[in-house]
Amino acid sequence: MLEHRVPELPEVETARRLLETHLSGKQITGIDNRLPKLLRDSPVPTLDVLVGQRLESVRRQAKVLSLDFSSDLSMMMHLKLAGQVAIFLPDGTRHFAGHPVPKYDDPFPHKSTHIDFHFGGGTIFYLSDIRQFGWLRVMPTADTAAAFAAFNFGPEGTSDPELLRPLAAKMQTRSIPIKTLLLDQTFVAGLGNIYVDEALFKARVHPGRAASSLTKPERLRVIDAIPYALAEGLKQGGVKVINTRAVPLDGFPAVHGREGEPCVVCGTSIVKIRVGQRGTYFCPNCQPEQRK
DNA sequence: TGCGTTGTTTCACC
DNA sequence: CGGTGAAACAACGC
């Protein structure tokens with residue numbers, strides 16, 4: 001079983017920072033696109049128009065990135081579950097965000113590396129996607145606002161808990177499992193399967209409970225746990241790769257992917273169930289199905 | 001070989 | 001019409 005580091009918001013934000021730090025101000029000198037179908041529903045159906053352009057900024061909303069170039073063109077990008085951003089600098093250092101395949105010390109381009117973006121000065125941005133589920137769209141920068149708006153994203157999960165407070169009332173009106181609600185990007189933007197499990201563990205709420213069944217203290221704990229879990233992930237996503245190896249932080253994730261292992265809080269074995277068709281990990285003692 | 005995998009969209013149904 | 005749950009979809013490893 002492949003170890004997953006699926007691109008959720010912390011990984012996408014890490015990718016944004018890498019792209020902005022290492023590529024902004026640089027000009028694209030050439031693009032080798034070996035998988036043109038990644039441009040799905042793209043208003044401009046080719047990357048060729050970006051050659052010769054300079055990257056000005058990199059924006060993110062939820063898990064969607066926009067690379068904004070000179071001449072008012074933007075490339076929107078979604079890494080979905082297996083996208084990887086790799087930046088090779090002329091000094092030989094490599095910087096990564098997203099899925100762990102290709103591995104950090106593999107030769108590039110890897111067989112799952114689909115696009116090479118060559119930048120002035122010898123910097124290369126490799127976009128890999130072993131599952132080929134991600135997408136790119138090229139459009140005028142002026143059209144990105146409408147393109148972002150069309151996703152109808154809820155508030156950013158990284159927001160101050162105070163700004164997320166209105167979500168408490170909305171939870172009361174929904175009968176679906178709290179986990180399913182938190183995965184809905186129009187409810188709150190940025191949580192994926194891993195961080196939802198982590199947030200609900202932190203909040204001590206069973207993932208399968210109907211959102212409307214949560215008490216007020218539970219709703220507030222869930223809201224507080226959303227930015228907490230994302231910040232924990234960002235802390236790890238931002239960890240530098242040392243000697244071409246990613247170093248996981250101790251204790252994270254606390255429950256996701258740890259079936260049968262002891263809960264870090266109480267030692268009870270972590271249990272895996274399915275909630276809304278998703279593999280779901282939780283501690284049956286810390287997150288009881290019946291309110292305590 | 002069919003199942004599991006995730007983020008997102010679509011669809012049937014009440 | 002809207003909420004809900006399930007299926008579909010992308011590709012591939014096991």
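No experiment lies behind these values; they were computed from the predicted model shown. A note on names: the letters A, B, ... follow the listed sequences, proteins ahead of strands, and every chain is numbered from 1. Atoms considered below: every heavy atom in the structure, side chains included; atoms not considered: hydrogens, waters and symmetry mates.
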Requested in this report: Would you please name every residue forming a ring-ring contact (aromatic ring centres under 6.0 Å, His included) with His114(A), sequence neighbours left out?
Outcome: none

Query raised in the report: Are a donor atom and an acceptor atom from the side chains of Thr141(A) and Asp72(A) found within less than 3.5 Å of each other?
Result: no

Query raised in the report: Going 5' to 3' along nucleotides 1-6 of chain C, which nucleotides have protein heavy atoms under 4.0 Å from the base (write B), which only from the sugar-phosphate (write S), and which from neither (write -)?
Result: ---SSS

If I take atom [atom1] in residue [X] and atom [atom2] in nucleotide [N], what distance separates them, rounded to the nearest angstrom?
X	N	atom1	atom2	answer
Asp197(A)	dT6(B)	CG	C1'	13 Å
Tyr195(A)	dG7(B)	OH	C1'	15 Å
Arg274(A)	dG4(B)	CZ	P	6 Å
Trp135(A)	dT8(B)	CH2	C1'	11 Å
Leu35(A)	dA10(C)	CG	P	13 Å
Asp41(A)	dT9(B)	CG	C1'	11 Å
Asn193(A)	dT5(B)	CG	C1'	10 Å
Ile194(A)	dT5(B)	CD1	C1'	11 Å

Query raised in the report: Would you call Glu20(A)-Arg60(A) a salt bridge at under 4.0 Å N-O?
Result: no

Requested in this report: Determine, step by step, whether Glu156(A) and Gln61(A) satisfy the side chain to side chain contact (heavy atoms under 4.5 Å, CB included) criterion, reporting the C-alpha distance in whole Å, the side-chain angles of both residues, the deciding distance to 0.1 Å, and the verdict.
Outcome: CA-CA 8 Å; Glu156(A) 288 282 329; Gln61(A) 267 187 42; 4.2 Å; yes

Report task. Identify whether any heavy atom of Lys272(A) sits under 4.0 Å from a base atom; if not, whether one sits that close to sugar-phosphate; answer base, sugar-phosphate or nothing. Result -> sugar-phosphate

Query raised in the report: Quick one: the side chain of Arg131(A) and the base of dG7(B), do they pair up donor-acceptor inside 3.5 Å?
Result: no

Report task. Using only heavy-atom distances, decide whether a donor-acceptor pair under 3.5 angstrom links the side-chain of Arg40(A) to the base of dT8(B). Result -> no

Requested in this report: Quantify the bending of the helix from dG2(B)-dC14(C) to dC14(B)-dG2(C) as the angle between its end axes, each fitted on five pairs, to 10°.
Outcome: 60°

Query raised in the report: Going from CG on Leu38(A) to CG on Asp129(A), what distance comes out if it is rounded to the nearest 0.5 angstrom?
Result: 6.5 Å

Report task. Calculate, to the nearest 0.5 Å, the distance between atoms CD1 and CG belonging to Ile176(A) and Leu181(A) respectively. Result -> 4.5 Å

Nucleotide nearest [X] (side chain, heavy atoms from C-beta), chosen from [options]:
X	options	value
Lys111(A)	dT6(B), dG13(C), dT8(B)	dG13(C)
Gln132(A)	dT8(B), dC12(C), dA10(C)	dC12(C)
Arg278(A)	dG7(B), dT5(B), dA10(C)	dG7(B)
His78(A)	dT8(B), dA10(C), dT5(B)	dT8(B)

Requested in this report: Report yes if at least one side-chain N or O of Lys63(A) is closer than 4.0 Å to OP1 or OP2 of dT8(B); otherwise report no.
Outcome: yes

Query raised in the report: When you measure from the centre of the six-membered ring of Tyr228(A), is the NZ or CZ of Lys202(A) under 6.0 Å away and within 45° of the axis?
Result: yes

Requested in this report: Determine, stepwise, if the pair Glu198(A) / Leu230(A) fulfils side chain to side chain contact (heavy atoms under 4.5 Å, CB included).
Outcome: CA-CA 9 Å; Glu198(A) 295 303 309; Leu230(A) 291 173; over 6 Å; no

Report task. For Phe133(A) and for Phe151(A), locate the closest nucleotide of DNA chain B by heavy-atom distance; then report the residue assigned to the nucleotide nearer the 5' terminus. Result -> Phe133(A)

Query raised in the report: So Phe96(A) and Phe88(A), would you call those rings parallel, tilted or perpendicular, with 30° and 60° as cut-offs?
Result: perpendicular

Query raised in the report: Quick one: are the ring centres of Phe119(A) and Phe125(A) less than 6.0 Å apart?
Result: no

